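Everything on this sheet refers to the single structure shown next.
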Amino acid sequence: MPFVFRLTQKVHASASAKKRLSLFIILSVPLLTACSHDTTTPHAASLATQAPLPVSSASNTDIEALLNAEFILQREGPNKAFESFYALASQSNNIDLIERLTHIALLSQNHLYIERSANLWLAAAPSSETAYSLKLQILIKDNRAEEVATLLINAMRHKVSLRFLPLYLEENIRENDQVSTIEEAISLLPMENQNNPNIQLSHAHLLLLSGKYQQAITTSEQLLSKDGMTKNEALYLILAFSQKNLDLLEDAIKTLKTALIQQPKSTRLLTPLIDFFVDDNQPTSAVDIYQTAALDTPEKLQVGINLMRTLLEHQHAELALQIASSLPQKQLGLSDQINYLTAIALAQLGQKPQAIDTMEKVDSTLRANATNQLAIWFYEEGKEQDINTMVLRRTPRENMPEQVAAISHLHEEKGQTDLSYELVNNALVNLPESAPLRYRKALLADTLGYWDITESELKTLLQKDSDNPQYLNALGYTLLTRTDRLDEAMRYIESAYDKNNEDPAIIDSLGWGFFLKGELEQSSYYLKKAWSILPDAEIAAHYGESLWKQRHYKEALSIWKTALETAPDTPLLLDTIKRLSPSLLEDLTQDKP
């Protein structure tokens with residue numbers, strides 16, 4: 001389960017801190033899953049496992065129908081099999097069969113099927129917490145607040161624990177619409193129902209999520225002071241994060257310390273407490289708490305990795321390395337994360353060669369991120385000529401297009417288009433069937449002036465995918481701007497437009513083609529359409545020139561001014577204005593303070 005409260009913290013970070021933080025975004029999900037609620041909320045992956053067929057008390061006719069339904073499931077999938085299973089389950093009222101139906105509904109990912117199976121389950125077993133939880137998820141996702149309120153009332157009437165509500169709220173913290181639906185549903189409950197402890201817990205969490213931190217603090221403290229109120233982790237976390245978000249960091253630390261006295265092995269409490277100490281410029285205290293915590297190996301690893309990440313965010317690289325050296329030797333599949341963070345720590349300490357050696361060891365789930373970081377470090381060390389060999393050596397075939405594209409963009413950002421082209425070209429030797437790589441090679445070749453290669457690669461792509469509007473447009477535009485084969489170029493572009501008449505790039509090509517043919521009204525019509533869809537600087541260059549040619553000078557100048565405000569450095573736009581109205585650039589330069 002995601003450790004959801006972490007995402008509610010305020011971020012007081014400089015631009016450089018935000019840049020550093022980006023290094024650790026990729027680690028946030030696996031590092032913050034240490035909580036272990038005993039939840040009955042079913043997940044599709046677990047409920048969809050093969051359950052035994054409930055045939056022990058069925059008649060021969062029922063068994064035959066059940067086997068037939070199972071055959072449909074295996075051959076045609078859950079969507080086709082649902083109705084057959086639903087008919088059997090609704091007739092028999094058999095809980096085992098209803099659970100089997102629910103497995104199938106979840107596999108189908110069909111909201112209607114899941115709701116129907118949950119309704120059937122509730123009809124047969126009105127006290128089933130799992131069934132209430134299932135239906136709650138669908139009602140919330142469909143933003144049906146009134147029905148959520150009715151469901152909660154029915155659950156309380158049947159004396160069903162509502163613990164599934166705060167658990168669901170924690171798991172879906174990022175879904176603003178769903179949070180709003182829960183908030184509205186709670187407001188619709190009768191006052192006596194709003195006094196339910198799980199409703200009150202959910203209400204406190206909603207106050208935190210909506211930024212009403214003082215109210216969240218007041219509500220949490222009231223609930224914690226109540227006799228008989230379960231002092232669970234979530235309530236302490238709501239209080240602590242509300243305090244932190246009001247810059248009451250000492251109070252937040254005190255809250256979590258109090259909570260840990262009751263639950264000393266709770267990683268959900270320990271992890272933010274350690275983070276808060278680091279945020280409060282007490283990193284050694286954070287390390288001490290971690291070192292003395294009585295945690296089992298999995299939790300020791302998870303909390304330690306999280307502490308390393310937090311220390312690195314605050315530039316405490318030496319302490320991060322100290323934590324790395326103290327982690328359990330059995331790393332339970334987490335060595336990639338440890339090596340990644342260790343490499344970052346070494347880099348922060350200026351030990352770039354050692355950082356590179358350590359990052360090279362990252363070769364599993366974080367392989368792509370490590371490769372990207374290595375490429376950046378290679379540039380910093382003046383070893384950009386070694387990047388392509390490193391990338392091709394580290395990258396599996398199945399990840400080649402995405403990884404090469406990422407490094408190719410890095411090369412271009414660094415002004416090394418030739419290295420970008422070399423990388424893509426070499427990757428194609430190993431993966432000649434990759435259309436994305438071949439298309440990227442065609443675009444890079446055009447940038448470098450290898451227009452014959454661009455034409456050749458695009459025609460190769462069209463041999464395999466002759467109706468692809470992107471390829472057709474690219475080839476047409478290349479011929480339009482790089483050759484005198486105007487009619488041939490227009491055939492490709494018009495074919496692309498026939499297949500996708502809403503793509504602004506294609507519409508721009510068509511409009512520019514008409515301009516080059518001297519059909520200016522047609523040109524303006526299409527270029528205006530492209531500009532209305534996407535006010536891009538290159539489209540502005542074309543559209544403005546078409547207007548200028550027709551002596552619509554004011555309109556052209558207006559288009560160019562608008563484009564210059566958002567993209568003042570676009571070469572095509574600047575070249576066009578310099579040719580036709582250089583005074584516009586002079587005027588804008590004088591207007592600047």
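Reckoned from all heavy atoms, side chains included, excluding hydrogens, waters and symmetry mates. Numbers for residues simply follow the sequence, beginning at 1. None of these values were measured; they are calculated from a predicted model.
Salt-bridge formation is not detected for the pair Arg440/Glu457: no Lys NZ or Arg NE/NH1/NH2 atom is positioned less than 4.0 Å from an Asp or Glu carboxylate oxygen. Salt bridge status for Glu313 with Arg309: present, with a side-chain N to carboxylate O gap under 4.0 Å. Ion pair Lys459/Glu455 flagged as a salt bridge, since at least one NZ, NE, NH1 or NH2 atom sits closer than 4.0 Å to an Asp/Glu carboxylate oxygen. Electrostatic pairing of Arg144 and Glu115 counts as a salt bridge here, judged by a charged N lying under 4.0 Å from a carboxylate O. Here Arg367 does not pair with Glu402 in a salt bridge; the nearest charged N to carboxylate O distance is not below 4.0 Å. Remark: Asp446 engages Arg482 in a salt bridge, criterion side-chain N to carboxylate O under 4.0 Å. Note on Arg438 versus Glu433: no salt bridge recorded, every NZ/NE/NH1/NH2 to OD/OE distance being 4.0 Å or above. With respect to Glu381 and Lys383, no salt bridge is recorded, no charged nitrogen being found less than 4.0 Å from a carboxylate O.
Distance alone, capped at 3.5 Å, is enough to place a donor-acceptor pair between the Thr181 side chain and the Asp177 backbone. Judged by distance alone, with hydrogens and angles left aside, the side-chain atoms of Ser558 form no donor-acceptor pair with the main-chain N or O of Lys554 at under 3.5 Å. Checking side-chain atoms of Asn339 against main-chain N and O of Val362 turns up no donor-acceptor pair under 3.5 Å. Counting only distance, with no hydrogens or angles, the side chain of Thr358 and the backbone of Ala343 share no donor-acceptor pair below 3.5 Å. Listed for the Ser210 side chain is a donor-acceptor partner under 3.5 Å among the backbone atoms of Leu207. At distances below 3.5 Å, not a single donor-acceptor pair connects side-chain atoms of Trp531 with backbone N or O atoms of Tyr543. In this structure, Gln315 contributes its side chain and Gln348 its backbone to no donor-acceptor pair below 3.5 Å. Of the possible polar contacts, one joining the Thr454 side chain to the Ala442 backbone as a donor-acceptor pair under 3.5 Å is found. A donor-acceptor pair under 3.5 Å is absent between the side-chain atoms of Asn430 and the main chain of Arg397, judged by distance alone. No donor-acceptor distance shorter than 3.5 angstrom exists from the side chain of Ser466 to the backbone of Gln463, with no hydrogens or angles considered.
The two residues Ile407 and Thr371 have their closest heavy-atom pair at CD1-O, 4.2 Å. Here the shortest heavy-atom pairing between Asn473 and Ile506 reads OD1-CA, 3.5 Å. When all heavy atoms of Ala375 and Ile387 are compared, the pair lying nearest together is O-CD1, 3.4 Å. The nearest pair of heavy atoms linking Leu458 to Tyr471 is CD2-O, 4.4 Å. Shortest non-hydrogen contact noted between Ala145 and Ala185 is O-CB, 3.5 Å. In plain terms, the two heavy atoms of Ser546 and Leu520 that are nearest each other are OG-O, 3.8 Å.
A side-chain donor-acceptor contact under 3.5 Å links Ser524 and Gln550. Glu519 and Ser523 are not linked by any side-chain donor-acceptor pair at a separation below 3.5 angstrom, with hydrogens and angles left out of the test.
At least one side-chain heavy atom of Lys578 sits less than 4.5 Å from a side-chain heavy atom of Leu585. With contacts defined as side-chain heavy-atom distances shorter than 4.5 Å, the pair Leu444/Glu412 qualifies. Looking at heavy atoms from C-beta onward, Gln403 lies in side-chain contact with Asn372 at the 4.5 angstrom threshold. The closest side-chain heavy-atom distance from Phe241 to Pro272 is below 4.5 Å. Contact check for Ser581 versus Leu557: side-chain heavy atoms found under the 4.5 Å cut-off. Side-chain contact between Glu545 and Trp512 is present, with heavy atoms from C-beta onward closer than 4.5 Å. Side chains of Met400 and Val404 form a contact here, defined as non-hydrogen atoms less than 4.5 Å apart. Counting heavy atoms from C-beta outward, Lys528 and Leu547 have side chains that stay 4.5 Å or more apart.
Here the CG atom belonging to Leu486 is positioned 6.5 Å from the NZ atom belonging to Lys517, to the nearest 0.5 angstrom. Interatomic distance, CG of Asn468 versus CG of Leu461, reported as 8.0 Å (0.5 Å rounding). Between the OG atom of Ser108 and the CD1 atom of Ile114 there is a distance of 5.5 Å, given to the nearest 0.5 Å. From Asp536, atom CG reaches atom NE2 of His542 across 10.0 Å, with rounding to the nearest 0.5 Å. Considering CG of Leu534 and CG of Asp503, their distance stands at 9.0 Å, rounded to 0.5 Å. Here the straight-line distance linking atom CG of Leu584 with atom CD1 of Ile577 works out to 5.0 Å at 0.5 Å rounding.
Checked against the 6.0 Å centroid threshold, Tyr477 and Tyr492 do not count as a close aromatic pair. Ring centers of Tyr497 and Tyr526: under 6.0 Å apart, within the cut-off.
In the displayed structure, Glu521 atom CD is contacted under 6.0 Å by at most 12 heavy atoms of other residues, nucleotides or ligands. Arg551 CZ: 12 or fewer foreign heavy atoms inside a 6.0 Å radius.
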Under the side-chain contact (heavy atoms from CB on, under 4.5 Å) criterion, do Leu209 and Glu183 qualify, and how do the steps go? CA-CA 10 Å; Leu209 296 180; Glu183 193 169 25; over 6 Å; no
For the pair Ser495 and Lys499, evaluate side-chain hydrogen bond (donor to acceptor under 3.5 Å, both in side chains) and give the outcome as yes or no after the intermediate values. CA-CA 7 Å; Ser495 179; Lys499 294 170 177 58; 3.1 Å; yes
Test side-chain hydrogen bond (donor to acceptor under 3.5 Å, both in side chains) on His411 and Asn388 and set out the steps. CA-CA 10 Å; His411 282 318; Asn388 292 349; 2.8 Å; yes
Would you sort out whether Glu360 and Arg394 count as a salt bridge (Lys or Arg N to Asp or Glu O under 4.0 Å), showing the intermediate values? CA-CA 9 Å; Glu360 283 273 16; Arg394 286 180 51 84; 3.5 Å; yes
Should Glu488 and Thr483 be marked as a side-chain contact (heavy atoms from CB on, under 4.5 Å) after you check the CA-CA gap, both sets of side-chain angles, and the distance that decides it? CA-CA 10 Å; Glu488 182 183 355; Thr483 75; over 6 Å; no
Quick one, Tyr450 with Tyr421, criterion ring pair (Phe, Tyr, Trp, His ring centres under 6.0 Å). Give me CA distance, side-chain angles, the key distance, then yes/no. CA-CA 11 Å; Tyr450 308 152; Tyr421 180 80; 5.5 Å; yes
Could you walk me through whether Lys549 and Phe515 satisfy the side-chain contact (heavy atoms from CB on, under 4.5 Å) test, starting with their C-alpha distance in whole Å, then the side-chain angles of each, then the deciding distance to 0.1 Å, before giving a yes or no? CA-CA 9 Å; Lys549 187 76 171 179; Phe515 175 84; 3.9 Å; yes
Where do Leu392 and Asn426 land on the side-chain contact (heavy atoms from CB on, under 4.5 Å) test, with the steps shown first? CA-CA 8 Å; Leu392 296 175; Asn426 289 339; 3.7 Å; yes
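The aromatic rings of Tyr113 and Phe82 lie parallel to each other, their planes meeting at an angle below 30°, with 60° marking the opposite boundary.
Judged by a 6.0 Å distance limit and a 45° cone about the ring axis, Lys414 is positioned over the six-membered ring of Tyr379.
Partner Thr310 forms a side-chain hydrogen bond (donor to acceptor under 3.5 Å, both in side chains) with one of Asp275, Thr271, Asp279 and no other, that one being Asp275.
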